[in-house]
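Keep in mind that the numbers below use all heavy atoms, side chains included, and drop hydrogens, waters and symmetry copies. Quick caveat: nothing in here was measured; it's all calculated off a predicted structure. Just so we're on the same page: letters track the sequence lines, and every chain starts at 1.
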Amino acid sequence: MRNIRYCIIRLEVTHPGQVVEISQRLPMHVNRCTGYLSRHTQGIISGSDLPEIGLLALEFNSRKQLYINDVIGFQKDIGDIPEYLDVDIPLMNGQLVTGYYLDTRKIEPKECSHKVFAPYKVSIYLRCDYVKPDKDVRSSAIHTTAAGAAKY
Amino acid sequence: MYDHLQFIQQQLGQRNIETALQQFYRLTLDAGTLYHHFYAYNQLLFLTNAEQLPVGTLIHSDCRARIIPKDIERLQGIEDYTGTISIQFPEPLEESRTIEFIQIIEN
Amino acid sequence: MKNHKFQQIRIRINTSGESVRFTVETDKLYAIVKAIHVSLPDSRMLVGTSLGLKINGQEVFDDAHEVRLLTCGNQVAPNKKFFHFEERIEAGGSTVEGRFTDPGNLYKAKYPYDVKVYLWLVNDPQHKR
């Protein structure tokens, strides 16, 4: 049986052309990333869809390999539940996910001020598999910490 | 003193990258240049003279995007770029500039 | 074993009607190009835009191949926005030669703009949707 944990990386963009650096440690127990999805979640108000508001790059396992480059867009309407992009990325215990988000919205020069630019948020969702540790009833009943330590 | 070469070797070791060749890569951009891009796949380019770039320059690659900050001269670290690398200056260059990288060709 | 990578190729279009040739190489840690996605700053620019592509000497798309046949709108789920290649296309450091052509004058686009071509690279040849 699969055990799934959704790991979320939240980014906040506060000024035009901003580079938001990503450096987040994934939980120790996740061992495989099987899905990826990123979305604008809050802040932008527009009467039409925007195919591109920014660019995203993600590396896994503490920069062992660059895996994902993506364009982030804005949807004015909420459509169907989005499907995750299927990936298969082995994860090493507790390593960093790194990368950047670059805001690429085309802002007219007259609008290009912090007063006009509306800060917004982007969320990255990583669907990760993890293995539940086997339950050792006798050991854990006696001393939980000792039983956990004994496995490693 | 911070040793760039040692740092690079450590980075490559930590990231399990085997090196086929390490050398300098110089890119000269003419006066008037506002934007330049080039391709560097299957290699890493560590920018060694970021302080020569105007404040506000955006260097954008597949793994990293960086805007040159005002206090760049007080920073010691060097950073790597790969893939499609673009350099966007805030204004056209008044004079030509040579940007220098340590190029790591991956094995 | 590294199984997936989404390799990005950016192409700068400076003027209306410009046709830009580019040559890059695929990441050599991945064996196969599984799929492609092309992203433009505005979906109205898809009309008349074309992309030719040759990978490892093998013609994948003719220079007149319309981008609108390779991409989709923003509302499409991430898992469905890639165009999947039916044939096996070798990656592994292959040379990718392409030509992107802006249609010019059809839509009042803002120049310059960047086209992003995403190659979905995999290692497992059995990996099909």
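Of all heavy-atom pairs spanning D62(B) and A57(A), the tightest one is O-CB, 3.1 Å. Minimum heavy-atom separation, H60(B) to Y100(A): NE2-OH, 2.9 Å.
I45(A) CD1: 12 or fewer foreign heavy atoms inside a 6.0 Å radius. In Q23(B), the CD atom is crowded: over 12 heavy atoms of neighbouring residues, nucleotides or ligands sit closer than 6.0 Å.
You'll find the side chain of Q11(B) reaches within 4.5 Å of the side chain of R63(A), heavy atoms only. Side-chain contact between E59(A) and C63(B) is present, with heavy atoms from C-beta onward closer than 4.5 Å.
Without hydrogens or angle criteria, K64(A) side chain to I17(B) main chain gives no donor-acceptor distance under 3.5 Å.
In this structure, the portion of L55(A) lying under 4.5 Å from any heavy atom of chain B is its side chain and not its backbone. Looking at L58(B), the atoms closer than 4.5 Å to chain A (heavy atoms on both sides) all sit in the side chain, from C-beta outward.
Comment: R66(B) engages E21(A) in a salt bridge, judged by a side-chain N to carboxylate O separation of less than 4.0 angstrom.
Residue-level contacts of residues 28-50 of chain B with chain A do not occur; threshold 4.5 Å between heavy atoms.
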